[in-house]
Amino acid sequence: MDALEFIRVRELEIAVRIWNPTAPRTLIAWHGLARHGGDFSALARELGSEWRILAPDTPGRGLSSWSLYPAHDYLYSHYLTIAIALLDHFTLERVDWLGTSMGGLLGMLIAADPQHSRRISRLVLNDVGPELNKQGLIELASYFGVTHHFATFSELQQELTTHYKSFGITSDAAWRALALNSARRLPDGRWTYHFDPRIGEQFIHDTPRDTWADWASIRCPVMVIRGEDSTLLDAATLPRMADAQPTLFTLTVPHCGHAPMLDKPEQVVPIQQFLNLPSVMKEAPGTQTQRSTGKPSFIKQLIRRWRRWWQ
């Protein structure tokens, strides 16, 4: 991390971790349910100095404020308000968005929102989509909805290596870094995770919605990454996603579950290639335009070629 900014949204302070602050291109990187923006340090390194990475800590996580009113603040509607405030703070009229799990759903909701959709130029979803495995959601809610206490830091680190083994982390250094960035010491000397245990109340208070309708309404280029062994995004969901988004790019990460850490070249290079493609807004359903009867455009041919390579 090269810089750290704090943005106040109502009574909450939002921490934004920044890599390459003066880079010419910007990517919003939003973490999953019980993580924080620090997870994207390897992604920032792999993407290189061309990209400024803005990685917020959602309220209740990392360095951001904890809410006194979880039933009002730990909701996607409030996260959307925070996301738009962040875009305004950094004067980003249009920006590329990459989101892991919860962060991907948030990006999807913005890209589908009639008022804000044009602010997302490209959307990368990391192991999430408009339909999620119910058992996987139940397991997430049950694990992160309670406080976990550990007598020693070593016990916390051991629990992390067990619970997050699906991340595909392969080095001791990466596991150690994950533990250091995930721990919080309690007044009694024990250890716990960095997040507010009440973030799990989101599963109780958030209003269900038809996210398939949201998915179908997205008009920006979209890429979805799926861990081969994901317990949240089923393989059978990808063809249905492609039916609604015919230009969808997909990447399956082998030997990985929910969710890939995006910390290896073989995971990041396809993302980089996707972000370097032209950003072309698709037509809304029912839009009537003059169409050519000749060969497909160069951009369409390029998109089809990339899809064949990645799938």
Exercise. Grab the two heavy atoms, one from A83 and one from W97, that are nearest each other, plus how far apart they are.
Key: CB-CH2, 3.9 Å
Self-check item: Common cluster, L63/L186, ILVMFWY with side-chain heavy-atom separation under 4.5 Å
Solution: no
Quiz item: When hydrophobic residues are tied together by side-chain contacts of less than 4.5 Å, even through go-betweens, does F167 share a cluster with L180?
Solution: yes
Quiz prompt | R226 (side chain) donor-acceptor with T250 (main chain) under 3.5 angstrom | solution = no
Quiz item: Ion pair present between D196 and R198, side-chain N to carboxylate O less than 4.0 angstrom?
Solution: no
Self-check item: Option passing side-chain contact (heavy atoms from CB on, under 4.5 Å) with V253 (candidates M261, E228, Q267)
Solution: Q267
Quiz item: So, for V268 and D263, which heavy atoms are closest and what is the spacing to 0.1 Å?
Solution: CG2-N, 4.5 Å
Quiz item: Judged by modelled atom types alone, do R35 and S182 share a side-chain donor-acceptor pair under 3.5 Å?
Solution: yes
Self-check item: Donor-acceptor pair between W175 and Q157 side chains, under 3.5 angstrom
Solution: no
Quiz prompt | NZ/NE/NH1/NH2 to OD/OE distance under 4.0 Å, D88 and R119 | solution = yes
Self-check item: Same apolar cluster: L75 and L33, side chain cutoff 4.5 Å
Solution: no
Quiz item: Is the side chain of R45 donor-acceptor paired with the backbone N or O of L43 at a distance under 3.5 Å, no angle test?
Solution: no
Quiz item: Checking S121 side chain against V95 main chain: does a donor-acceptor pair fall under 3.5 Å?
Solution: yes
Quiz item: F249 ring centre to R122 NZ or CZ under 6.0 Å, with the angle to the axis within 45°?
Solution: no
Exercise. Please answer: with hydrophobic residues joined when any side-chain heavy atoms are less than 4.5 Å apart, are L248 and W212 in the same cluster?
Key: yes
Quiz prompt | Verify same cluster id: L137, M241 (apolar side-chain graph, 4.5 Å) | solution = yes
Practice problem: Check D127, N126, T100 against H258 for a side-chain hydrogen bond (donor to acceptor under 3.5 Å, both in side chains) and give me the one that passes. | Solution: D127
Practice problem: From the options Y79, W30, Y74, select the one residue that forms a side-chain hydrogen bond (donor to acceptor under 3.5 Å, both in side chains) with T58. | Solution: W30
Quiz item: Parallel under 30°, tilted from 30 to 60°, perpendicular over 60°: which one fits the rings of H163 and Y143?
Solution: parallel
Practice problem: Flag yes if more than 12 heavy atoms outside D172 fall under 6.0 Å of its CG atom; otherwise flag no. | Solution: no
Quiz prompt | More than 12 heavy atoms of other groups within 6.0 Å of H205 NE2 | solution = yes
Self-check item: Worked check of side-chain contact (heavy atoms from CB on, under 4.5 Å) between L68 and D73
Solution: CA-CA 8 Å; L68 297 176; D73 290 336; over 6 Å; no
Quiz prompt | Partner of H194 by ring pair (Phe, Tyr, Trp, His ring centres under 6.0 Å), out of H36, H31, H148 | solution = H36
